[in-house]
Novice: 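This is the structure, below, for whatever I ask next.
From a predicted model like this one, the values you see are computed outputs, not experimental measurements. We name chains A, B, ... by the order of the sequence lines, and we start the count at 1 in each one.
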Amino acid sequence: MQKLDLSFYTRNDVVQVSKELLGKFLMTNFDGKITGGMIVETEAYAGITDKASHSYGNRRTKRTETMFCEGGTAYVYLCYGMYNLFNVVTNVAEIPQAVLIRAIEPTENIETMLQRRKMAKLQRNLTAGPGTLTLALGIRTDHTGTRLFGEKIWIEDRKINFSEAEILASERVGVAYAGEDAKRPWRFRVKNSLWTSLAK
DNA sequence: ATAAAGATCATT
DNA sequence: ATGATCTTTATG
């Protein structure tokens, strides 16, 4: 088992890190149960210059403070009053960039994930979408600030890599308010994966 | 103190 | 298309 190390996260290029996260395995260990799956969809948030990012314009509040941590930290926040969205902080401390994990292909302990989602059998929407995958993995807002090198939440490299040709780039979801930045093609999906949220 | 909006999802 | 649901943020 090989966890991604600090140098993977602290690079000065969120977009590149977003692409490379495809094929990595996001794992959690809560309630004595290890659950997880392969990341198949991500979005990059470029920080102070990106209107779609919470940290746009260096906005620094209690919530966004986590984005200013060193790369390799979990940034979890509540969206629309009901969904916990999980991000991976990238770059060095004080440069607030992050990658939103939007979908995974469930692999580890599917039984437990089904229970958490209150689903009877495996369907392709088990972990498709940023709000549903956190439910399946047991991630909540109080995990914000958790480092990804411990025993609770981490990302593994199992030597699966996707080439540029296998990655589909498109506009990010739900950021229409961001003006010009809404058009940036910073949503990345594994082509032909059954487990991403729906195409557009 | 108040109000508005939001990196969503399941259902109709 | 719409409703559920509540924190964060900006403004007065």
Novice: Taking the basic N atoms (NZ, or NE/NH1/NH2) and the acidic carboxylate oxygens, is any pair closer than 4.0 Å for E151(A) and K3(A)?
Specialist: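 Yes, E151(A) and K3(A) are salt-bridged.
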
Novice: Where the side chain of R102(A) meets the backbone of P130(A), is there a donor-acceptor pair that is under 3.5 Å apart?
Specialist: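 Looks like no, no N/O pair under 3.5 Å.
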
Novice: Any stems for DNA chain C, made of 3 or more Watson-Crick or G-U pairs in a row, each with both distances under 3.5 Å?
Specialist: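 For DNA chain C the paired stretches long enough to count as stems (3 pairs minimum) are B:1-6 with C:6-11, B:8-11 with C:1-4.
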
Novice: If you take any heavy atom closer than 4.0 Å to DNA chain B, which residues from residues 90-107 of chain A end up in contact?
Specialist: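 Of all residues in residues 90-107 of chain A, the ones placing a heavy atom under 4.0 Å from DNA chain B are L100(A), R102(A).
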
Novice: Does this structure show an ion pair linking K33(A) with E108(A), if we count only N-O contacts that are shorter than 4.0 Å?
Specialist: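 No, K33(A) and E108(A) are not salt-bridged.
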
Novice: Are T42(A) and R189(A) close enough that a side-chain donor and a side-chain acceptor fall under 3.5 Å?
Specialist: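 No, because no side-chain N or O of T42(A) sits under 3.5 Å from a partner of the opposite role on R189(A).
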
Novice: Classify the side-chain pair E41(A)/S197(A) by whether it contains a donor and acceptor separated by less than 3.5 Å.
Specialist: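 Yes.
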
Novice: With rounding to the nearest 0.5 angstrom, report the CG to CG distance, L148(A) to D5(A).
Specialist: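 L148(A) CG to D5(A) CG: 12.0 Å, rounded to 0.5 Å.
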
Novice: Would you check if the distance from the ring center of H143(A) to the ring center of F86(A) is below 6.0 Å?
Specialist: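 So the answer is no for these two rings.
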
Novice: Could I get the full list of side-chain contact (heavy atoms from CB on, under 4.5 Å) partners for D13(A), not counting sequence neighbours?
Specialist: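 By the side-chain contact (heavy atoms from CB on, under 4.5 Å) rule, D13(A) matches V15(A), Q16(A).
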
Novice: Ion pair present between E171(A) and R184(A), side-chain N to carboxylate O less than 4.0 angstrom?
Specialist: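 Result for this pair is no, no salt bridge flagged.
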
Novice: Take the angle between the ring planes of Y9(A) and F149(A) and call it parallel below 30°, perpendicular above 60°, tilted in between.
Specialist: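 Rings of Y9(A) and F149(A): perpendicular, as their planes differ by over 60°.
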
Novice: When you measure from the centre of the six-membered ring of Y45(A), is the NZ or CZ of R172(A) closer than 6.0 Å and no more than 45° off the axis?
Specialist: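 Yes, a cation-pi geometry.
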
Novice: Check every nucleotide of DNA chain B for an atom under 4.0 Å from a heavy-atom of chain A, then give the first and the last such nucleotide from 5' to 3'.
Specialist: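 Reading along DNA chain B, I get dG6(B) to dA10(B).
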
Novice: So, does T64(A) use its side chain to make a donor-acceptor pair with the main chain of H54(A) at under 3.5 Å?
Specialist: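 Between the backbone of H54(A) and the side chain of T64(A) there is no qualifying donor-acceptor contact (under 3.5 Å).
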
Novice: Please check if any side-chain donor atom of T112(A) sits under 3.5 Å from a side-chain acceptor atom of Q115(A), or the reverse.
Specialist: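 No, Q115(A) and T112(A) have no side-chain donor paired with an acceptor closer than 3.5 Å.
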
Novice: Hey, are E156(A) and K24(A) close enough for a salt bridge, meaning a charged N less than 4.0 Å from a carboxylate O?
Specialist: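 No.
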
Novice: What parts of residues 115-148 of chain A reach DNA chain B, counting only heavy atoms under 4.0 Å away?
Specialist: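 Within this stretch, R117(A), G129(A), P130(A), G131(A), T132(A) sit under 4.0 Å of the strand.
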
Novice: Which letters describe nucleotides 4-12 of chain C, given B = protein heavy atom under 4.0 Å from base, S = only from sugar-phosphate, - = neither?
Specialist: BBBSSSS--

